[in-house]
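Predicted, not measured: the structure shown is a model, and the values here were computed from it. The chains referred to below are lettered A, B, ... by the order of the sequence lines, with proteins before strands, and numbering in each begins at 1.
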2 protein chains.
Amino acid sequence: MMKDEVLTTMSNRYQAEVGKNRPTMRHVAALAGVGIKTVSRVMNNEPGVSEATRLRVVGASQQLNYQLDMTAGSLRRSGRQTLSVGLLLPSVSNPFSSEIHRAMEDALSVRGIAVFAASLDDDPEREKALVAAFLGRRVDGLVLTPIARSQAYVIPEHSRDLPTVFIDREPVGVEADAVVTDNAAGAAKAAAHLISRGHRKLAYLGDRTDIQTARERRRGFLESLAAAGIATSAIPIREGLHDEESARQATHELLASDDPPTAIFSSQNLVTFGAMRGLKELNANKRIALVGFDDFALADMMDPGITVVAQHPERIGKLAAERILARIDGDQSAPQTYVVPSELIVRGSGELAPPG
Amino acid sequence: MMKDEVLTTMSNRYQAEVGKNRPTMRHVAALAGVGIKTVSRVMNNEPGVSEATRLRVVGASQQLNYQLDMTAGSLRRSGRQTLSVGLLLPSVSNPFSSEIHRAMEDALSVRGIAVFAASLDDDPEREKALVAAFLGRRVDGLVLTPIARSQAYVIPEHSRDLPTVFIDREPVGVEADAVVTDNAAGAAKAAAHLISRGHRKLAYLGDRTDIQTARERRRGFLESLAAAGIATSAIPIREGLHDEESARQATHELLASDDPPTAIFSSQNLVTFGAMRGLKELNANKRIALVGFDDFALADMMDPGITVVAQHPERIGKLAAERILARIDGDQSAPQTYVVPSELIVRGSGELAPPG
DNA sequence: ATGGTCACTGACAACGTTGTCATTACACCC
DNA sequence: GGGTGTAATGACAACGTTGTCAGTGACCAT
């Protein structure tokens with residue numbers, strides 16, 4: 001009697017109802033007339049289920065529109081994988097970042113891994129907060145563009161074997177994989193290119209010096225000048241430029257000086273845009289040579305086309321994804337920094353000859 | 001005796017060890033000498049904990065580097081929220097899409113909601129697969145750019161009250177909120193602008209006609225011509241263009257015809273790029289007027305600057321996020337389509353006068 | 001018959017958390 | 001002094017799943 005009553009309650013509770021409440025394995029099991037473990041086996045394509053049973057379960061799950069709950073599964077599952085990784089970028093809408101994002105998505109989606117992406121906006125506090133948010137969601141890996149002065153705060157996670165890869169910039173205070181562009185070599189290539197075209201009076205437009213990559217690019221630029229025997233003391237170095245407008249102004253100031261440069265190297269996307277704008281306003285775009293770091297859309301449609309040192313965000317993203325996957329798969333080798341070479345793309349603006 | 005042994009085992013198991021294993025509330029509770037429910041209260045800032053106890057728990061959790069497990073919490077928590085939403089875009093690296101992504105992130109992050117973003121690549125199969133992947137992760141909401149012929153497959157979820165918002169295009173086969181640009185009105189604005197400058201021989205370069213927005217834009221364009229009394233039968237309509245190269249070729253063909261147009265309307269980003277390239281190659285960029293749908297970086301740096309009908313992806317994203325939040329908060333009002341107006345931005349290419 | 005292997009299946013505990021509820025201690029009031 | 005209220009606390013079950021393990025037949029070889 002008692003027992004029957006309980007059974008009735010049970011079957012009522014889990015009986016097939018296509019309603020508002022999301023069905024669980026219990027509902028599917030009840031409808032298919034099997035145990036929940038069998039449903040689990042079917043949903044996960046585990047062996048050891050007869051074809052007849054499998055079909056009944058599949059039918060029931062379709063009838064109820066059942067969807068396996070990965071969050072519950074990862075709680076119990078050994079290894080606890082959530083099949084998700086966190087990606088921290090300067091901004092998801094920045095073209096360079098979003099290329100990386102896309103390349104990572106492609107590499108990770110074949111393994112069924114989803115990507116949480118978030119934007120840092122140069123805010124070190126956000127960096128820590130977003131990492132915490134990712135950790136709270138138990139991501140299987142972390143891919144970060146470091147902003148804060150130190151990344152030592154990830155040490156506890158890292159020592160718990162959470163796969164971590166830094167991109168664009170190397171981390172400070174932790175030993176971890178990193179995927180970066182050859183910033184110094186790229187900038188050196190740009191300088192050497194301008195020098196080979198006869199330029200001696202170069203100028204440098206650079207980003208904020210607290211950014212590691214900006215310092216690297218300046219170093220490469222100056223080393224290249226030194227190697228060509230050009231006194232770097234006479235070279236105007238304008239730094240701290242972080243947007244188009246400040247770069248535009250700096251360009252105006254450079255060209256208004258007593259001894260204006262005949263060629264400009266701009267160390268970053270937005271700075272290049274500002275320089276282009278400044279040169280055009282002064283009607284100097286066909287006279288002053290320009291090489292920019294970072295490629296951008298329509299660079300070839302400018303007048304003249306803009307010669308750049310291109311980074312390869314898609315390769316950076318792919319490589320970062322491969323490193324994360326390797327670590328997830330248990331790779332315990334020592335952390336390493338991977339360098340993705342940059343590439344000089346000749347389009348005209350860098351080939352303008354100096355006057356005379 | 002027995003009891004003591006068990007207790008010893010317990011305390012060993014949960015004793016403070018800063019090791020590889022991620023600590024749980026039990027570890028924190030054991031270290032702080034409280035029950036796990038008290039730890040839960042502290043971590044969730046629930047009231048009813050004395051300040052002294054709170055401090056002990058906070059201390060213990062910091063010492064162990066404890067991180068609340070949101071996935072476990074959302075399993076038990078009433079309402080089951082995971083504080084995450086899924087976002088399906090044509091491609092995360094497409095500038096229009098990534099602006100939407102960014103705007104949504106900004107609006108959702110203030111509520112602590114993280115975004116899963118994924119790319120569709122015009123593949124209807126991927127659309128369904130990615131929605132399933134999001135559902136398996138129990139997202140609190142879904143924001144989709146529909147690709148497939150019908151979105152009826154989300155009906156079961158929708159009837160389970162899963163907040164769903166479509167962006168860019170309206171869904172087919174479901175009633176749900178949508179946030180779209182005024183495609184027809186925008187294209188009409190472009191045509192009217194060219195007509196007001198004296199053009200009568202216009203040409204239309206359009207995207208694939210299976211895309212709803214492309215059809216809308218063509219409709220607006222043609223209606224605007226008809227309203228001005230221009231016979232639309234004589235207007236060359238080139239459609240099915242989906243990349244720069246095909247648009248470039250179409251431009252060449254248009255200008256090589258017996259009675260070439262004096263103005264071109266291109267219905268989309270990449271098509272505009274192809275048209276620009278084609279016109280430049282034919283040295284016609286300062287002669288043939290051009291208005292494009294979609295704004296893009298450096299449009300003002302072209303020669304002449306490119307006049308466009310700009311969409312406002314940041315407003316679309318913000319609005320979509322607001323709708324999702326409202327639905328998450330229980331808004332049960334009837335689904336609605338929200339239209340974000342486009343904007344004509346005059347830069348030169350659309351103001352070139354017809355010859356004569 | 002007996003024993004052994006094998007394929008299939010489900011009961012049960014556990015994952016880490018939170019909702020419910022009971023318990024304790026103490027202050028307060030008549 | 002007894003009753004009442006309230007703040008603080010923890011035991012316990014439950015969320016939906018999967019790992020473990022034991023059970024059931026069927027089948028084959030002895």
> A/I36 has an atom CD1; how far is it from atom C1' of C/dA13, in whole Å?
Replying inline: 11 Å
> Would you call A/T24 and A/H27 a side-chain contact if the rule is heavy atoms closer than 4.5 Å?
Replying inline: yes
>> Return whichever of B/S74 or A/R54 has its heavy-atom-nearest nucleotide of DNA chain C closer to the 5' end.
In response: A/R54
>> Any heavy-atom pair between the side chains of B/F116 and A/S84 that's under 4.5 Å?
In response: yes
> Are B/R76 and D/dA14 close enough that a side-chain N or O sits under 4.0 Å from OP1 or OP2?
Replying inline: no
>> Within the 4.0 Å heavy-atom criterion, would you say B/R41 contacts the bases, only the backbone, or no part of the nucleic acid?
In response: base
> B/S40 side chain N/O closer than 4.0 Å to the phosphate oxygens (OP1, OP2) of C/dT17?
Replying inline: no
>> Which residue is it: B/N44, B/I36, B/V42, B/T38? I am looking for the one with a side chain to side chain contact (heavy atoms under 4.5 Å, CB included) to B/S40.
In response: B/N44
>> Measure CG/A/L75 against C1'/D/dG16 and give the value in whole Å, please.
In response: 9 Å
>> How many whole angstroms separate atom NE2 of B/H27 from atom P of C/dT17?
In response: 10 Å
> Between C/dT17, D/dT9, D/dT17, which nucleotide has the shortest distance from any of its atoms to the side chain of B/V49?
Replying inline: D/dT9
> Distance check: side-chain N/O of B/R77 vs OP1/OP2 of D/dA14, anything under 4.0 Å?
Replying inline: no
> Starting at CE of A/M43 and ending at P of D/dT17, how long is that distance when rounded to a whole Å?
Replying inline: 9 Å
> Between atom CG in A/N21 and atom C1' in D/dC15, what is the gap in whole Å?
Replying inline: 13 Å
>> Quick one, B/D161 with A/R22, criterion salt bridge (Lys or Arg N to Asp or Glu O under 4.0 Å). Give me CA distance, side-chain angles, the key distance, then yes/no.
In response: CA-CA 10 Å; B/D161 284 335; A/R22 196 176 282 279; over 6 Å; no
>> Using a strict threshold of under 4.0 Å (side-chain N to carboxylate O), is an ion pair present between A/D123 and A/K128?
In response: no
> Can you tell me how far C1' of C/dG16 sits from CZ of A/R138, to the nearest Å?
Replying inline: 9 Å
> Considering only D/dG19, C/dT18, D/dG16, which nucleotide approaches the side chain of A/Y66 most closely?
Replying inline: D/dG16
>> Just to be sure I understand the rule, does A/G73 reach a base, reach only the sugar-phosphate, or reach nothing, if contact means heavy atoms closer than 4.0 Å?
In response: sugar-phosphate
> Hey, does the side chain of A/S50 come within less than 4.0 Å of C/dT9's phosphate (OP1/OP2), counting only N and O?
Replying inline: yes
>> With nearest nucleotide decided by heavy atoms, which residue, B/G33 or B/A72, maps closer to the 5′ end of DNA chain D?
In response: B/G33
> Nearest to the side chain of A/R26, which nucleotide is it out of C/dT9, D/dT9, D/dT17?
Replying inline: D/dT17
> Does a side-chain N or O from A/T38 land closer than 4.0 Å to OP1 or OP2 of C/dC8, or not?
Replying inline: no
>> If I take atom NZ in residue A/K37 and atom P in nucleotide D/dG16, what distance separates them, rounded to the nearest angstrom?
In response: 18 Å
> Within the side chain of A/Q151, is there an N or O that forms a donor-acceptor pair under 3.5 Å with the backbone of A/V172?
Replying inline: yes
> Is any side-chain N or O of A/T53 closer than 4.0 Å to OP1 or OP2 of C/dT9?
Replying inline: yes
>> Measure CG/B/N44 against C1'/C/dG19 and give the value in whole Å, please.
In response: 12 Å
